[in-house]
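Shown next, in C-alpha cells, is the structure this report addresses.
Reminder, nothing fancy here: chain letters follow the sequence lines and each chain counts from 1.
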Amino acid sequence: MNLEALLADRLSAALASVAGGPVDPVVRQSQHADFQSGAALALARRLGRPPREVATEVAAKADLAGLATIDVSGPGFLNLTVDDAALAAGVDALDDDRLGVPPVAAPERIVLDYSGPNAAKELQIGHLRSTIIGDALARLLEWLGHEVIRANHLGDWGTPFGMLLEHMADLGGGENEHSLGDLTDFYRAARRKFDEDTQPSVRSGAVAGRSDGGFKARARLRVVALQAGDEPTRALWRRLIEQTERTFLDAYGRLGVTLTRGDFVGESFYQEQLSSVLSELDEQGLLVPSEGALCVFPAGFAGRDGEPLPLIVRKSDGGFGYAATDLAALRHRVRTLGATRLLYVVGAPQRTHFRMVFEVARSAGWLPAGVTAEHIEFGSILGADGKMFRTRAGDNVTLGALLDEAVERASSPAIGIGAIKYADLAGDRRSDYVFDWDRMLASTGDTGPYLQYAYARIRSIFRKAGAEPGPVVLAHPAERRLALALLGFEAAVHAAAGRREPHRLASYLHDLAVAFTGFYESCPILRLAGPYRASRLTLADRTGRTLALGLSLLGIDLPEEM
RNA sequence: GCGCUCGUAGCUCAGCGGAUAGAGCAACGGACUUCUAAUCCGUCGGUCGCAGGUUCGAAUCCUGCCGGGCGCACCA
C-alpha cells in the first residue's frame with residue numbers, strides 16, 4: 001500500500017477538474033497533518049485566483065471518502081489526515097512477503113557495475129563504498145522486479161601484471177600456492193623490485209646474473225608476452241587471477257555481498273573486442289590521431305590549457321587504456337547483453353571520465369534511444385582528520401583488517417559489519433563521510449545497532465507472546481504514529497531505487513525504528529489481554545517484517561537477540 | 001587557469017521551490033519492582049558561507065564573491 005500515491009491519485013482528479021488539465025499534486029509528509037499538498041498555491045497563480053479560494057474548491061471536489069479528511073490551512077495548503085480505520089486496515093494488509101509492494105510494471109534489464117577491485121591486491125577500504133552501495137542497489141532493483149546483471153569489472157589486465165607475473169615467475173612459477181597466500185605482501189614485493197630497479201635497459205643485465213638487474217625490463221617484456229598470448233605467461237596469469245578471485249569471494253562472503261564468481265567479468269574479457277571498438281569509431285569518423293595516440297574529442301570537454309580534452313582510445317605505444325575497455329564493456333552490455341540501463345557505481349573523481357565515455361558512446365550509436373547510462377558516484381571515506389582514511393602508518397586499510405576490527409569492537413559479526421554498512425548507506429552517497437567507530441557502533445542514534453536493537457526487542461516479544469496477532473485498532477497516539485510510518489515503506493523503497501539513493505530507505509527505516517521505540521515505551525503488549533494485545537502484536541509484527549525486509553534490501557543482517 | 005562539486009546547530013548529517021529549517025551526537029535535567037534502559041522523555045542550541053537577483057514564497061533556482069574537495073592526454 002502506498003498512502004502517498006493513493007492520496008495523490010485522489011487529489012489529482014480534483015486538481016485536474018479545477019485547473020482544466022493535469023497538475024502534480026505534490027503530496028508530502030507534513031508536520032501540520034499526516035500529509036500536505038501545496039499544489040493549490042502554484043495553481044492559483046496560474047489561474048490568477050486567490051490561493052485559498054482555489055484550495056477550498058479542490059478540497060470540496062476531492063473524493064477522499066474512506067481514506068482521509070482534507071482541510072485548507074495557512075495561505076492555501078491542503079492538509080490531509082488519514083482516517084484511523086484506513087490506517088488500521090492498511091497495517092492489517094501488510095501480511096505478505098512483499099509488504100504489499102507490487103513488482104514494477106515495466107522491468108528493465110540493468111547491468112550494474114560495482115566493486116571492481118584490482119586483481120593481485122586485497123580488497124581495500126577504497127572498494128568498500130562501491131561494493132556496499134552497489135550491492136544495496138542490486139538487491140533493491142532486483143527485488144522491485146528488474147533483471148539485474150551484476151558486473152564486477154575486475155582490474156585483471158594491464159601494465160601492473162608485467163611486474164606481478166615476472167615476480168611470480170621468479171618465485172618459481174606459482175607452483176607453490178602460498179607464494180600468493182598474502183596478496184598484499186606479494187604485490188608489495190613485486191612493486192619494490194620494480195621500483196628499485198633503476199637500470200635503464202635490459203642490456204646490462206642480460207648476462208645471466210644473480211643481481212635482479214633488468215627486472216623492470218623483464219616486466220615490460222612480460223606484459224608484451226601476456227598480451228601476445230604466450231602460453232606459459234597466460235598460465236601464470238590464470239593462476240594469479242584464480243587466487244585473487246578466491247580471496248575476493250571470501251571477502252564478499254564475510255561482508256554479506258551478493259556477488260558471485262559468475263559476476264566476475266574482468267577487463268581481460270574485453271581485450272579481443274578492442275580492435276573493433278577502434279574500427280567502429282574510425283568508421284564513424286570519430287577517431288583522431290593526436291600525439292601518436294588515437295583519440296575521440298567529445299564536445300564540451302576542455303583540459304588544463306583550454307584545449308579540447310581527448311578520450312584516449314589507443315595509447316601512443318599501441319596499448320589500450322581503460323577508456324577503450326570501458327567503451328568495449330559498454331557496447332557489449334548494450335549490444336550483447338541487451339541492457340536497457342547501465343549503472344556504474346564508481347567514485348566521484350571519475351565523473352569526467354564517465355561523462356566522456358557516455359558522450360563518445362552516444363556519438364558512436366552504442367547508446368541508442370531507450371538505453372540510459374548513469375554514473376552512480378559516491379564520496380570518499382575520510383579519517384577523523386578529514387583526510388582519506390588510512391592506517392596510522394599511512395597505508396591503505398585492507399577490508400579484512402577493517403572487518404576484523406568491526407567484529408572485535410561489536411563482539412558480533414552481524415552488528416559490527418551491519419554498523420559499517422549502515423554508516424555507509426545512511427548518508428547521501430555523493431558526500432564524503434568520516435569513518436568513526438564510536439559513532440557507527442553507538443546503540444542510539446541513526447545507526448545499524450539501533451535498528452537491530454528495535455528488531456531484537458520485537459523478536460523477544462514474539463518469543464514470549466502466546467496469543468496470535470489480531471486486527472489493528474488504533475487507540476494510542478504512538479500506535480497511530482507507528483501505523484503511519486509502516487505505510488510509508490513503499491514510497492521509501494521507490495524513492496531509494498528511483499534516485500539510486502539507498503539513504504532514502506535507510507533513513508525511512510530509522511524513522512520507523514524511532515516510531516516503534518516510542519510505541520514500545522508507551523504501549524505495553526504482553527501485559528495486556530484481548531483485542532488490544534492482538535492489535536499491538538500485529539503492529540509489532542509488521543514493524544519486524546518491515547525492518548527485516550528493508551535492512552535485507554540494504555544488505556544488512558539482523559540478529560534475533562542482542 | 002578552466003571545469004565539476006560541496007559549504008545548514010559546538011560535532012556528524014537530513015531537508016533541495018512552500019507554512020515557525022529537522023534528526024542524532026555532545027551538554028544539562030529527568031524516567032528502570034513493568035515486553036531487552038544497547039532505551040525513552042524534556043531543555044539548551046541555527047542571520048541555512050557572504051552579497052545580489054527571480055518568485056506570492058528561496059536553505060532549496062540564477063549570478064558574483066569567499067572558503068574546502070575533486071578533476072583537467074596516454075595509471076585504472
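Nucleotides U8(B) and G22(B) have their C1' atoms positioned 10 Å apart, rounded to a whole Å. Comparing the P positions of G7(B) and G53(B) gives a spacing of 23 Å, expressed to the nearest Å. To the nearest whole angstrom, the two C1' atoms, one in G29(B) and one in C44(B), are 11 Å apart. Using C1' as the reference atom, G24(B) and A9(B) are 12 Å apart when rounded to the nearest Å. Distance noted for atom P between C32(B) and C41(B): 16 Å (whole Å). One P atom belongs to G68(B), the other to C62(B), and the distance between them is 23 Å to the nearest Å. Taking atom P in both G69(B) and C13(B), the straight-line distance is 15 Å, to the nearest Å. As rounded to the nearest Å, C72(B) and U20(B) have C1' atoms that lie 46 Å from one another.
Side chain of S535(A) to main chain of P531(A): no donor-acceptor pair is present (N/O by atom type, distance under 3.5 Å, no hydrogens or angles).
In terms of polar N and O atoms assigned as donor or acceptor, the side chain of R527(A) comes within less than 3.5 Å of the base of U34(B) in a complementary pairing. Put simply, the side chain of S73(A) and the base of A19(B) share a donor and an acceptor less than 3.5 Å apart. Taking only distance into account, the side chain of Y453(A) never meets the base of A38(B) through a donor-acceptor pair shorter than 3.5 Å. A donor-acceptor contact under 3.5 Å is formed by the side chain of N79(A) with the base of A19(B). Counting distance only, with no hydrogens placed and no angle test, the side-chain atoms of Q36(A) and the base atoms of A19(B) include a donor-acceptor pair under 3.5 Å. The base of A73(B) sits within donor-acceptor range of the side chain of S290(A), with an N or O pair under 3.5 Å.
Residue L537(A) contributes atom CG, which lies 15 Å from atom P of C35(B) at whole-angstrom precision. Here the P atom of nucleotide A38(B) and the CG atom of L558(A) are 18 Å apart, to the nearest Å. In this structure, the CG atom of D424(A) is 13 Å from the P atom of C13(B), given to the nearest Å. Distance CG (L164(A)) to P (C75(B)): 16 Å, rounded to an integer number of Å. Look at CD on E479(A): it is 19 Å from P on C35(B), rounded to the nearest Å. The distance from atom CG of D305(A) to atom C1' of C72(B) is 9 Å, rounded to the nearest whole Å. In this structure, E359(A) places its CD atom 16 Å from C1' of G3(B), rounding to the nearest Å. If you take CG of D326(A) and C1' of A73(B), they are 16 Å apart, rounded to a whole angstrom.
Under 4.0 angstrom from either OP1 or OP2 of G22(B) there lies at least one side-chain N or O belonging to Q31(A). Between A14(B) and S431(A), a contact under 4.0 Å exists linking OP1 or OP2 to a side-chain N or O. Applying the 4.0 Å criterion to OP1 and OP2 of C72(B), one finds that R351(A) has every side-chain N and O outside that range. Close to U36(B), at under 4.0 Å from its OP1 or OP2, lies a side-chain N or O of S460(A). In this model, the phosphate group of C25(B) is approached by a side-chain N or O of T444(A) to a distance below 4.0 Å at OP1 or OP2. Taking side-chain N and O atoms only, R459(A) has no distance below 4.0 Å to OP1 or OP2 of U36(B). Within the structure, every side-chain polar atom (N or O) of H510(A) is placed at least 4.0 Å from both OP1 and OP2 of G22(B). At C40(B), one or more side-chain N or O atoms of Y450(A) fall inside 4.0 Å of OP1 or OP2 (strictly under the cut-off). Between R355(A) and C4(B) there is no side-chain polar atom (N or O) within less than 4.0 angstrom of OP1 or OP2. Between S443(A) and U39(B) there is a side-chain polar atom (N or O) within less than 4.0 angstrom of OP1 or OP2. OP1 or OP2 of C70(B) has not a single side-chain nitrogen or oxygen of T352(A) nearer than 4.0 Å.
Each of G69(B), C72(B), A19(B) was ranked by its minimum atom distance to the side chain of D432(A); first place goes to G69(B). Checked against G18(B), U36(B), G57(B), the side chain of R45(A) finds its nearest nucleotide in G57(B). For V434(A), whose side chain is taken as the heavy atoms from C-beta onward, the closest listed nucleotide among U34(B), U12(B), C70(B) is U12(B). Residue H32(A) places its side chain closer to U20(B) than to any other of U20(B), A38(B), G18(B). Listed nucleotides: C35(B), C13(B), A73(B). Nearest to the side chain of P524(A): C35(B). Listed nucleotides: A73(B), C40(B), G18(B). Nearest to the side chain of T517(A): C40(B). Of the candidate nucleotides C35(B), C13(B), U34(B), C35(B) has the atom lying nearest to any side-chain atom of Y520(A). Of the candidates A76(B), C13(B), G15(B), the closest approach to any side-chain atom of Y433(A) belongs to C13(B).
In summary, the aromatic rings of Y450(A) and Y453(A) are positioned with their centroids too far apart to meet the 6.0 Å limit. Taking the six-membered ring where the residue is Trp, the centroids of F269(A) and H332(A) are separated by under 6.0 Å. Aromatic pair Y322(A)/H353(A): ring centres closer than 6.0 Å. For Y344(A) and F358(A), the ring centers sit closer than 6.0 Å to each other.
Here A42(A) lies in heavy-atom contact (under 4.0 Å) with a base. If you check every strand for non-hydrogen atoms under 4.0 Å, D436(A) touches nothing. Note on P349(A): only backbone sugar-phosphate atoms sit closer than 4.0 angstrom, heavy atoms only; bases stay farther off. H503(A) comes within 4.0 angstrom of the backbone, heavy atoms only, and of no base. At a threshold of 4.0 angstrom between heavy atoms, the contacts of R504(A) are confined to the sugar-phosphate backbone, with no base atom among them. At the heavy-atom level, R304(A) lies under 4.0 Å from base atoms of the strands shown.
Pairing for G64(B) is with C50(B), a Watson-Crick or G-U wobble pair whose two hydrogen-bonding atom distances lie under 3.5 Å. Base pairing of C32(B) is not made with any nucleotide, judged by Watson-Crick or G-U wobble geometry with both donor-acceptor distances under 3.5 Å. Pair assignment for A23(B): U12(B), on the basis of Watson-Crick or G-U wobble contacts that are both within less than 3.5 Å. The nucleotide C4(B) finds its pairing partner in G69(B), both defining distances of the Watson-Crick or G-U wobble pair being shorter than 3.5 Å.
Counted within 6.0 Å of OH on Y532(A), heavy atoms from surrounding residues, nucleotides or ligands total 12 or fewer; the atom is thus considered open. The neighbour count for E405(A) CD, taken as heavy atoms of other residues, nucleotides or ligands under 6.0 Å away, is above 12.
Ring orientation note: the planes of W437(A) and F435(A) are nearly perpendicular, at an angle over 60° on the 30°/60° scale.
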Open item on the list: Using the rule given for side-chain hydrogen bond (donor to acceptor under 3.5 Å, both in side chains), can you reason through D424(A) versus Y433(A), listing the C-alpha separation, both sets of side-chain angles and the distance that settles it, and then say yes or no?
Closed with: CA-CA 8 Å; D424(A) 203 297; Y433(A) 80 92; 2.9 Å; yes

Task: S268(A)/D156(A) under side-chain hydrogen bond (donor to acceptor under 3.5 Å, both in side chains): CA gap, chis, key distance, verdict - done: CA-CA 6 Å; S268(A) 60; D156(A) 65 353; 2.7 Å; yes

